[in-house]
Every structure is written in structure tokens, then in C-alpha cells.
Amino acid sequence: MVMEDPEAPHHMLLLRNFMAQGLVHHQPLIYASPANDPKGFLGTLPNPMASKDEKSRLHDTEQEKGLRIAWQYKKYFGEHNSEAQRDGKPEYCSDFDLRKPLERHFFSGQHIDCVSLKDSDDLAAFRERCSSFLSQTNRNSGNITGGRIAIQSLCSPQCDFSNKEWEMLSFVRSLKNVLRLSNAVAVITFPPSLVLTTFSKRLQHLADTIVSIKAIPDEDKELAKLLTGYQDIVGLLSIHKVARINTQVPAILEATTFSMKLQKRRSLILECLNQAPVDGSSGTSYSTSGSCSSSSKTGSLDF
């Protein structure tokens, strides 16, 4: 579950990458939104970047030219073979070019269902479509093909059921139960600023994983001093909850806040925030903090 930021639609970047990743790997997809024509959103999905070594892509321009030529050969010999190969094994695609739309051959032969939730009185019909979709990826049937469900702005005012809180909670609970029996995953975004706090908390309680998006101002001199690469950062992603199934041991993450960067306005990158350490008690850096020794005389053992 993704909590949207009312100031900027950065949650759509995550949704686009999520949907494009599934189509590139030939996974069936359901996309639902409050738009009149949700199928038009498929035209905004990003195209996968050419498979290349990360360091070479950033620093070695000569090798980048060679890889670009290799990518063209790859497209020529087999356009439908979209999985990159590394050491003879299929590699999962997670790098996408936001400036290029997803190529048409990724849509051919795919099971793609686009649903408009606008003017819907309830979620009963959509619930049935999700159940029928997930029955094709049931774990007990021996099918290992994964599936993806992407729901944009579930509590949007454009939907007539937006004031039916218990019906939306029942839908999320039912979807969660069916997902447990399948090889599919669902991402739901919702605007917490447009719903009651109690309802928002109930939705978060039902979710397995919760992240929130917060946009940052274009020119904030204070943040620019604190964060490295500030000019490429468009927002912050915070992790509030991580899926823990069949265990009561909480997950302890090394970092819970990441910066959302658009590298060269081309690819979305999530990075841990890099900030210089500061002594909170005195407001000065550690290099200028006072001595830990209580003695007025300095010695070889004093810090």
C-alpha cells in the first residue's frame, strides 16, 4: 500500500515501474483507476533500459556505445525475448527509461485488464474480476506464473463508493485473503489527506507493506546543504511497515527513508539518504566537539 502525497503525483512513478516490470516478464495484469479511460495509462509505462553493467553505464562511455549496439542486435534477433541474460541465467528487469514508452510487442499476447472505478456504486463487480484473475495464478494448481494488480487512488472522490468506508475495507481484506492463495501481488495507492484518520489507520492495518511518498520543494537551501545529490531528488519514500507472515518477530531495516531520484530525468533510483553526522547536544559536528576527559591536563590517554 502506497500513501500518496497531495502535493505531487510521485506515487505514479512507482506504479508505472511496477506495471511495466510485470509486462516485461509476461505476467498478467489488472489495472484499476478512477479515470474514464484507464487503458490510456498503459501508454505512459516506461520501456526497459538496455542491459548493462551499472558502473559501465555511469562512467564508461565507450562501453556504453557497444552495449547500445548489442541492445539493437538483441531486438533484431528476438524481440519477444525480453529477459536480459547474465552468466547464462535470466536476469530480473528493474531498470526502466521513463522517457521512452513501453514497446508494443510487450503488450501482444498478454492478459491485461483495465478497469474504470469512476461512477462505480460498489466494489462487488471489481472484486469478482480480481477473484477470477487470481484463480489463474493459484498456487495449488501448480501454476508458477505470477500476476499483478495495480489499483490507483482507491478512495478517490470520483468513485461513488468513496464514502463507503466499510465496503472498501471489506474489499481490501477479501483481496488480501485471495492473494495469500496465489502467486500474485497487489499495489494499492490511496490519498490519506482525503479520508478520515481512523479509516486511514484501518487501511494501513490491513496492508502487508506500507510506504509513503513525500515531495520535496524544488529549491530548499537548507535541504540542499544536508542531502547529497539534492538536485536529482524529487521526493522521499518512507517505509512504515514490512510484510511479516507467520511470525511475530518484527523486521529491523537498516534504513526506513530513501530518496527518490530521477537520474538524468531518465531512470528512477531509490537511495538511502546521505547526511553528515551532527552532534545533537551541541549542534556542532563530531570533529569540533569537546573533550571527553574531565581532567584539565591533556595526556596520552585522553580523547
Side-chain angles (χ1 to χ4, degrees), residues 1-21 24 41 43-68 71 84 91-102 150 152-153 187 189-193 209-240 242 253-280 282-288:
M1 188 164 288
V2 181
M3 294 188 285
E4 304 172 5
D5 181 9
E7 301 295 331
H10 294 326
H11 61 279
M12 302 300 289
L13 294 173
L14 300 178
L15 210 59
R16 286 189 179 99
N17 277 32
F18 171 75
M19 294 170 61
Q21 192 178 57
V24 166
F41 184 70
T44 67
L45 300 184
N47 200 56
M49 297 179 66
S51 177
K52 54 177 75 80
D53 184 74
E54 187 71 19
K55 293 182 180 179
S56 300
R57 187 183 65 188
L58 294 175
H59 303 293
D60 196 339
T61 56
E62 290 299 324
Q63 189 172 355
E64 184 177 358
K65 291 180 181 178
L67 286 168
R68 192 182 301 118
W71 174 246
E91 183 182 358
Y92 207 64
C93 178
S94 58
D95 295 328
F96 294 92
D97 192 341
L98 298 174
R99 299 179 301 182
K100 297 180 181 179
L102 192 63
Q152 175 193 343
S153 302
V187 169
T189 72
F190 80 99
S193 60
T209 302
I210 304 171
V211 299
S212 64
I213 307 296
K214 181 177 178 57
I216 62 174
D218 293 333
E219 294 185 6
D220 191 324
K221 295 182 179 180
E222 296 298 326
L223 276 178
K225 294 178 182 178
L226 292 174
L227 304 178
T228 57
Y230 172 79
Q231 65 277 3
D232 296 328
I233 300 177
V234 297
L236 301 177
L237 182 144
S238 300
I239 302 176
H240 303 275
V242 178
L253 305 178
E254 294 183 1
T256 57
T257 304
F258 296 83
S259 61
M260 299 177 62
K261 289 185 177 182
L262 287 181
Q263 190 177 48
K264 299 180 181 180
R265 300 292 172 185
R266 184 181 181 184
S267 58
L268 176 64
I269 297 177
L270 300 180
E271 290 184 352
C272 293
L273 289 180
N274 295 321
Q275 182 178 357
V278 174
D279 186 0
S282 61
T284 58
S285 63
Y286 288 120
S287 60
T288 59

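Computed from a prediction, not measured in an experiment: that's the story for all the values here.
- Two residues are said to be in side-chain contact when any heavy atoms from C-beta on lie closer than 4.5 Å; Leu14 and Thr189 fail this criterion.
- Taking both residues in full, the closest heavy atoms of Leu15 and Ala150 are given as CD1-CB, 4.0 Å, listed atom of the first, atom of the second, then distance.
- The side-chain contact (heavy atoms from CB on, under 4.5 Å) search around Pro101 returns none, not counting sequence neighbours.
- Every salt bridge (charged side-chain N to carboxylate O under 4.0 Å, His left out) that Asp97 has, sequence neighbours left out, goes to Arg99, Arg266.
- The structure places NE2 of His11 at 5.5 Å from CD of Gln152, a figure rounded to the nearest 0.5 Å.
- Note that the OG1 atom of Thr257 and the CG atom of Leu270 stand 12.0 Å from one another [nearest 0.5 Å].
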*side chain to side chain contact (heavy atoms under 4.5 Å, CB included) between Leu268 and Met260, intermediate numbers included*: CA-CA 7 Å; Leu268 176 64; Met260 299 177 62; 4.2 Å; yes

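- Contact check for Cys272 versus Phe258: side-chain heavy atoms found under the 4.5 Å cut-off.
- The closest side-chain heavy-atom distance from Ser212 to His240 is below 4.5 Å.
- Nearest heavy atom pair, residue Pro46 against residue Leu102, reads O-CD1, 3.4 Å.
- The CZ atom of Phe41 sits 4.5 Å away from atom CZ of Arg16, with the distance rounded to the nearest 0.5 Å.
- Considering all non-hydrogen atoms of both residues, Ala215 and Asp5 come closest at N-OD2, 2.6 Å.
- Heavy atoms only, all atoms of each residue included: Leu236 and Ser259 are closest at CD2-CA, 4.1 Å.
- For the atom pair CG of Asn47 and CG of Asp95, the computed distance is 12.0 Å after rounding to the nearest 0.5 Å.
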*Take Ser238 and Lys214 through the test side chain to side chain contact (heavy atoms under 4.5 Å, CB included) and record every step on the way to the result.*
CA-CA 8 Å; Ser238 300; Lys214 181 177 178 57; over 6 Å; no

_Stepwise side chain to side chain contact (heavy atoms under 4.5 Å, CB included) test for Asp232 and Ile269_ = CA-CA 10 Å; Asp232 296 328; Ile269 297 177; over 6 Å; no

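- The distance from the OG1 atom of Thr44 to the CE atom of Met19 is 7.5 Å, given to the nearest 0.5 Å.
- Ile210 has its side chain within reach of Met3: a pair of non-hydrogen atoms, C-beta onward, lies under 4.5 Å apart.
- Note that the OG1 atom of Thr209 and the CD1 atom of Ile239 stand 8.5 Å from one another [nearest 0.5 Å].
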